[in-house]
Amino acid sequence: MCGIVGYIGDDRAVPFLLQGLEKLEYRGYDSAGVAIYGGGKINIVKAKGRLSVLAGVLDNNKPLMGTLGIGHTRWATHGAPSDVNSHPHLSENEKFAVVHNGIIENYLSLKEYLGKKGIEFQSETDTEVVAQLLEYYYNGECEGKILDTIAKVMSKVEGSYALGIICEDYPDRIFCVRKDSPLIIGKGDGENYLASDIPAILSRTREIVRIKDKEICVLTKNSMDFYNLDLEPIEKETETIEWDIASAEKGGYPHFMLKEIHEQPDAVRKTVSPRIKDGRIALDEISLTAEKLRNINKIYFIGCGTAYHVGVAAKYTFEKLVRIQTEADVASEFRYREPLLDENTLVLITSQSGETADTLAALREAKKHGSHVISIVNVVGSTIANESDDVIYTWAGPEISVASTKAYSTQLAVMYMIAIYLADLKGAISAEDYDKYMADLQALPEKIEETLRETEKIQYFASKSFNANDMYFIGRNVDYAVSLEASLKLKEISYIHSEAYTGGELKHGPISLIEPGTLVIAFASYGKLFDKMLSNIKEVKARGAVVLGVTTQGRTEIESETDFDFYVPEVSDFMLPSVEVVPFQLFAYYVAAMRGCDIDKPRNLAKSVTVE
Ligand code: AGP
């Protein structure tokens, strides 16, 4: 997720662009840049690092006096953070400058096509392909007709995009187009603005127009004209924004955590869909050959906190699908226990930030013993990503809230893809199973969306629970993995004591903690062990527990044993954590809100633990 802004009017563009980008830094902050029309050409200034680095460069340079410009703050997806990979991107002869939010999924084939035409690329990014395509068609078959050129390019690119485009031949207008990524136009007085999100323009106007998918906007300082991709003019409604600036940065949500919970369907879709080609998983990032995989006899899943919980779910999934011995461990233990590692060991490292000290140390321990390391990371170019043999990025966008939600969901989705991919590579699953898993994987965003529509029920249960002193989460197999994550979410933001146990373990001690009124959330969705979980529910009910049962739609027999019930959509059983976790991210959120906790910045915690 990135942030784009644009200005056209009678003032200098740079000050507006910088304040707008500052308001959008929550969308990405690994590099930033501006393109300003001035002196008969497009001038670009861009830099790796936070926006303050760009502002410093702009201050030290000859001031860019132009009154038309576009700007960008980046969350890297393709190409690590660097000056050259920063936006805006220029076309080869500097005819076009482009800022982009989204992912061009077919950029490699387009880059190859243009390369054969002799066009040389400067960056590793997908976005530069758009700038080069614009100039290629503008100078070629579109014969300098700018709207035809834009429509032509949009017919060639696949993926998601919000684009701000300036052209050397049009010093008085900005061209905007979007598909799947947000883009708004702000109406000023003798000036107009474009932005990825409302906070960037609120200092100047509350009158906005939302560009819809596959619409083009031509912006001048006194006009805004809209077209569809057939270049037919379209009428648009103006909307007045009532938000205050602070809430606007959260997209209207009261907290980043709630916003990120609701971003999960899109985050999973953006992480999965570019890696499915012709109905099959295409993990080009994995360098493991079938030959090398055949020699792998042990797989470790390593991470901390939420990232570790992904590994616990993966342990069950890989053992079931890939049929190789697996183990999940927390990085802080793994790094000191002298684990048995060699070139036949595969280590999967998970980390949202890519900078967690214990996880990085575990990675180095694995590399020291010649093991193959694949990491699943959300921050492009982070230390863990750079030191891994293979890295598969989750394209969740920046996760601001300390409590991890969308990173967890996208990490799970990547784990499923790796498991299915390796199982297929090993010939360990049938073609029928492969097809079923692929169908479920691609349906996951909609299934997650479905659970988000049950918010009221979760709020009700939270209203009955927020004064509890203790809460226990139980489950078996992957239901245990999600119990760990649901319990962590609750304790880290509401400060209520909470534990997670395997259902079968209760009678070996923890059941002594159950007394009349104790709250127990029982995950009983894993079909093969449903009856076992019903027994565990009866065990705690017999000691007076109040039980919320969680199971898949249709399994109503659970209602005879529990006090409350929550049903989740049917999915392949190893994917259950993806649909079970969302209601309990919301549960933790509402309990914490009812207790007046600081939800995005819980006490004692940090977003990235870069110390031991
Ligand atoms: C999760 O909600 C916590 N913020 C924490 O456990 C986190 O998952 C852990 O510190 C690992 O962080 P990482 O994914 O950035 O490595």
Side-chain angles (χ1 to χ4, degrees), residues 30 75 255-261 263-264 267 271 301-314 328-335 347-364 373-388 391-415 473 481-496 498 500 577 581-582 584-589 591-592 597-612:
D30 59 45
W75 179 261
H255 299 97
F256 278 112
M257 183 180 179
L258 192 58
K259 177 169 175 282
E260 290 156 8
I261 289 171
E263 285 176 341
Q264 289 180 113
T271 298
F301 301 100
I302 306 298
C304 298
T306 291
Y308 161 65
H309 298 155
V310 171
V312 176
D329 201 353
V330 290
S332 53
E333 287 298 299
F334 179 82
R335 64 181 290 194
V347 176
L348 276 95
I349 296 276
T350 307
S351 176
Q352 189 284 129
S353 63
E355 302 299 343
T356 301
D358 284 322
T359 310
L360 179 57
L363 180 157
R364 289 171 175 165
V373 175
I374 300 175
S375 64
I376 300 170
V377 180
N378 197 39
V379 179
V380 174
S382 55
T383 307
I384 287 173
N386 290 340
E387 296 194 16
S388 300
V391 56
I392 301 178
Y393 286 116
T394 49
W395 289 327
E399 188 176 70
I400 307 298
S401 188
V402 165
S404 184
T405 52
K406 60 178 183 175
Y408 174 79
S409 291
T410 51
Q411 288 161 0
L412 281 176
V414 170
M415 275 295 181
F473 294 79
V482 75
S483 297
L484 288 166
E485 178 57 14
S487 174
L488 175 63
K489 287 285 94 53
L490 181 74
K491 63 186 130 185
E492 73 175 322
I493 66 170
S494 74
Y495 316 145
I496 290 177
S498 172
V581 75
V582 175
F584 292 91
Q585 294 165 341
L586 289 170
F587 176 68
Y589 174 82
V591 167
C597 296
D598 181 350
I599 289 170
D600 283 332
K601 296 187 178 65
R603 68 185 181 197
N604 311 337
L605 294 179
K607 183 58 186 170
S608 179
V609 184
T610 54
V611 294
E612 272 208 56

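Indexing begins at 1, ligand by ligand and atom by atom, following the structure's order.
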Chi angles and distances behind the side chain to side chain contact (heavy atoms under 4.5 Å, CB included) call for Tyr393, Val379: CA-CA 7 Å; Tyr393 286 116; Val379 179; over 6 Å; no
Starting at CE of Met415, measure out to OG1 of Thr410 and round the result to the nearest 0.5 Å. 11.5 Å
Taking Cys304's backbone N and O only, do any of them form a donor-acceptor pair with Asp358's side chain (distance below 3.5 Å, no angle check)? no
For the backbone of Ser404 and the side chain of Lys489, can you confirm whether one donor and one acceptor N or O come within less than 3.5 Å of each other? yes
For the residue pair Glu260 / Gln585, report whether a side-chain donor-acceptor contact shorter than 3.5 Å exists. no
Of all the non-hydrogen atoms in the protein, which one sits nearest to [atom], and at what distance?
atom: atom 10 (O) of ligand 1; result: Val609 CG2, 4.0 Å
atom: atom 11 (C) of ligand 1; result: Cys304 O, 3.4 Å
atom: atom 14 (O) of ligand 1; result: Gln352 N, 2.7 Å

Under 3.5 Å between any N/O of [X] and any N/O of ligand 1: does that happen in this structure?
X: Gln411; answer: no
X: Val402; answer: yes
X: Thr350; answer: no

For [X], take its heavy atoms, then give the atoms of ligand 1 lying under 4.0 Å from any of them.
X: Ser404; answer: 1 (C), 2 (O)
X: Thr306; answer: 1 (C), 2 (O), 6 (O), 8 (O)
X: Ser353; answer: 13 (P), 15 (O), 16 (O)
X: Gly305; answer: 6 (O)
X: Ala403; answer: 2 (O)

Identify, with sequence neighbours excluded, every residue that meets ring pair (Phe, Tyr, Trp, His ring centres under 6.0 Å) alongside Phe301. Phe318
Residues passing the ring pair (Phe, Tyr, Trp, His ring centres under 6.0 Å) test with Phe473, sequence neighbours excluded, are none
Intermediate values then yes/no, ring pair (Phe, Tyr, Trp, His ring centres under 6.0 Å), Tyr589 and His255: CA-CA 9 Å; Tyr589 174 82; His255 299 97; 5.4 Å; yes
Would you mind telling me if ligand 1 is within reach of the side chain of Glu492, the backbone, both or neither, using heavy atoms under 4.0 Å? side chain
Region of Thr356 that comes within reach of ligand 1 [heavy atoms, distance under 4.0 Å]: side chain
Quickly, which of Asn378, Thr271, Thr350 forms a side chain to side chain donor-acceptor pair (under 3.5 Å) with Thr394? Name it, please. Asn378
Ligand 1 contact by Lys489, heavy-atom criterion under 4.0 angstrom: yes
